[in-house]
> 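Structure in structure tokens, see below.
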Amino acid sequence: MSEAPIPYAGDYGGPMRILQLHTRRGVVAKAGVTVGIDGAHYHQGWGRAAFEIPADRPVHVVVSQGDGQIGVAATELTPEQPSALEYRGPAALYLAGTIGAPGTVKQRGCLVQLAIFALFPLMALALVIVIVILLSR
């Protein structure tokens, strides 16, 4: 977690507010996240971070994992919305992450991941049975 808010990197002299961002890992995750705010990128660890953002205009927020190609999720935060967001990484790195108000985001791909982990042992067992049957002839 950042102790002090990370300053806004854009050219802006108006009123500011603080965006509280909580990033949560998926089942499989990279070491950290890249947070993009109006085109400026910040490499962060998982957890909570605070960013200064303009208070009177929309701000584009993008969160991704690693170098910015994995688990991408984006939103536009308007001045009327509360300045708190939660990012949840996907269960599989080839899926998109989710971003939204705290407590509303779900992890994508849990069923796919469960199916992969459940089907692999069953397929291995079926292969062993087929090999045993073929070798017993």
> Please determine whether a side-chain nitrogen of the Lys or Arg among D56 and R17 lies less than 4.0 Å from a carboxylate oxygen of the Asp or Glu.
no

> If you compare all heavy atoms of P54 against all heavy atoms of V59, which two are closest, and at what distance to 0.1 Å?
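Minimum heavy-atom contact is CD-CG2, 3.6 Å.
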
> In Å and rounded to the nearest 0.5 Å, what is the CZ to CD1 distance from F51 to I37?
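So the gap between those two atoms works out to 5.0 Å.
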
> Could you report the tightest heavy-atom contact between E86 and T104, atom names first, then the distance?
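Closest approach of E86 to T104, heavy atoms only: OE1-N, 4.4 Å.
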
> How many angstroms lie between atom CD1 of I70 and atom CG of L95, to the nearest 0.5 angstrom?
11.5 Å

> Without swapping roles, check the side chain of W46 against the backbone of H22 for a donor-acceptor pair under 3.5 Å.
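Here the side-chain-to-backbone pair does not exist.
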
> Do you know which two heavy atoms are closest between E52 and Y8, and how far apart they sit?
O-CB, 3.4 Å

> Donor-acceptor pair, distance only, cut-off 3.5 Å: does the side chain of T75 make one with the backbone of G100?
no

> Quick check on the hydrophobic clustering: are L19 and M16 connected, directly or via other members, by side-chain heavy-atom contacts under 4.5 Å?
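Linked, L19 and M16 end up in one cluster.
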
> Considering only heavy atoms from C-beta outward, does the side chain of V35 approach that of V62 to under 4.5 Å?
no

> Give the minimum heavy-atom separation between D38 and R57, together with the two atoms involved.
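Closest approach of D38 to R57: OD2-NH1, 3.4 Å.
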
> Which pair of non-hydrogen atoms, one from P102 and one from A84, has the smallest distance, and what is that distance?
CD-O, 3.4 Å

> Any idea which heavy atoms bring Y87 and P90 closest together, and the distance?
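Result for this residue pair: OH-CD, 4.0 Å.
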
> Without swapping roles, check the side chain of H41 against the backbone of G39 for a donor-acceptor pair under 3.5 Å.
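Judged by distance alone, yes, a pair lies under 3.5 Å.
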
> Quick check against the 3.5 Å criterion: does T34 have a side-chain atom that pairs as donor or acceptor with the backbone of Q65?
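Not a single qualifying donor-acceptor pair exists.
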
